[in-house]
Amino acid sequence: MLTPAPDLLCDTCLGPSHYDHVHSVDRLPSPRHTDEHVVRRGYAVDFAGHRGGGGLSRSWVFFTDREPAVVFGRAARMSGFDVSHYAVLEAARENRWNERANTDVVTLYLMSGSNLRDHTTELTILRRWVQGCRPGAASYDPPR
């Protein structure tokens, strides 16, 4: 886990994470791309295991496309032991250069109430994911 510089800590974060900050918001920040500030919109998978049962602690993984986010959440939940909960949320990932700390500060914004996990549409999403997979690349290429 990354530990933010003491002057960057806040008391509104959702919990320990590999992100410097994780916040639930009513509105996501707008996309942006400069040398010092990058905001990408996409989806985050929120997942966790049973607290007392040795499952994984709460964590989030960001994806720019919905299809790989749904597949990741579904696959993690299929572990049966380590992951007992997952949600797919609208999200934004922000990298902002902090001069004082001399590092990028990475913040994940999660849209309040945006759980997109819907088993009735999952098969369609899984099919789109398969169509967008490229065996020779790690990235997802959405079908057109």
Side-chain angles (χ1 to χ4, degrees), residues 1-51 55-80 82-144:
M1 176 172 88
L2 297 175
T3 304
D7 60 336
L8 302 177
L9 294 173
C10 69
D11 58 3
T12 59
C13 284
L14 295 176
S17 173
H18 60 282
Y19 296 100
D20 295 306
H21 299 278
V22 179
H23 295 284
S24 180
V25 295
D26 294 327
R27 195 173 64 137
L28 295 173
S30 297
R32 179 178 194 143
H33 197 280
T34 67
D35 288 344
E36 296 86 23
H37 190 193
V38 177
V39 177
R40 289 183 180 90
R41 281 196 169 183
Y43 305 89
V45 179
D46 172 2
F47 63 96
H50 294 291
R51 287 188 187 256
L56 294 172
S57 59
R58 188 173 190 194
S59 190
W60 299 269
V61 177
F62 179 80
F63 297 86
T64 55
D65 295 287
R66 184 176 180 183
E67 292 82 357
V70 168
V71 170
F72 181 88
R74 166 53 73 187
R77 178 62 185 100
M78 288 178 166
S79 74
D82 296 325
V83 176
S84 59
H85 155 81
Y86 81 97
V88 178
L89 309 166
E90 291 179 69
R93 186 180 196 276
E94 176 185 59
N95 291 57
R96 184 188 294 260
W97 177 254
N98 184 287
E99 193 70 39
R100 216 173 15 182
N102 196 35
T103 189
D104 273 331
V105 175
V106 182
T107 303
L108 181 66
Y109 297 97
L110 305 169
M111 177 70 95
S112 300
S114 69
N115 189 355
L116 302 172
R117 191 177 117 188
D118 178 1
H119 297 304
T120 63
T121 62
E122 201 167 74
L123 189 55
T124 302
I125 292 170
L126 293 174
R127 285 182 178 138
R128 278 198 319 260
W129 177 75
V130 168
Q131 291 172 346
C133 285
R134 301 292 173 251
S139 60
Y140 171 76
D141 188 13
R144 306 216 189 287

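Treat the numbers as computed from the prediction; the structure is a model and nothing was measured.
Side chain of Arg74 to main chain of Glu122: no donor-acceptor pair is present (N/O by atom type, distance under 3.5 Å, no hydrogens or angles). Using a distance-only test at 3.5 Å, with no hydrogens or angles considered, a donor-acceptor pair links the side chain of Asn115 to the main chain of Arg117.
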Does the pair Trp97 and Asn102 meet the rule for a side-chain contact (heavy atoms from CB on, under 4.5 Å), with working shown?
CA-CA 7 Å; Trp97 177 254; Asn102 196 35; 3.1 Å; yes
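When side chains are defined from C-beta on, Glu94 counts as touching Val39, because their heavy atoms get closer than 4.5 Å. Residues Phe62 and Thr64 form a side-chain contact, since some pair of their non-hydrogen atoms from C-beta on lies under 4.5 Å apart. At least one side-chain heavy atom of His18 sits less than 4.5 Å from a side-chain heavy atom of Ser59. Within the 4.5 Å cutoff, the side chain of Arg66 has heavy atoms near those of the Ile125 side chain. Residues Tyr86 and Phe72 fail the side-chain proximity criterion, which asks for heavy atoms closer than 4.5 Å.
The distance from atom CG of Leu28 to atom CG of Leu110, rounded to the nearest 0.5 Å, is 8.5 Å. Atom CG in Leu108 sits 8.0 Å away from atom CH2 in Trp60 (nearest 0.5 Å). Note: Tyr140 OH to Arg134 CZ = 9.0 Å, rounded to the nearest 0.5 Å. Atom CZ of Arg93 and atom CZ of Phe63 lie 11.5 Å apart (nearest 0.5 Å). Interatomic distance, CG of Leu123 versus CZ of Arg128, reported as 11.0 Å (0.5 Å rounding).
Among residues at least two apart or in separate chains, there is no salt bridge (charged side-chain N to carboxylate O under 4.0 Å, His left out) pair with a member in residues 104-113. Among residue pairs with one or both ends in residues 33-50, those qualifying as salt bridge (charged side-chain N to carboxylate O under 4.0 Å, His left out) are Asp46-Arg58; sequence neighbours excluded.
Counting heavy atoms of neighbouring residues, nucleotides and ligands inside a 6.0 Å radius, atom CG of Asp118 exceeds 12 of them. Heavy-atom neighbours of Arg27 CZ from other residues, nucleotides or ligands within 6.0 Å: at or below the threshold of 12.
Among Val88, Thr121, Leu116, the one residue that satisfies the side-chain contact (heavy atoms from CB on, under 4.5 Å) test with Val70 is Val88.
A pairwise comparison of heavy atoms in Pro142 and Asp65 identifies CG-OD1, 3.6 Å as the closest pair. Listed here is the closest heavy atom pair of Val105 and His21: CG1-CD2, 3.7 Å. Across all non-hydrogen atoms, the minimal contact from Arg77 to Val83 is NH1-O, 3.2 Å.
Side-chain atoms of Asn98 and Arg96 form no donor-acceptor pair, as typed in the model, at a separation below 3.5 Å.
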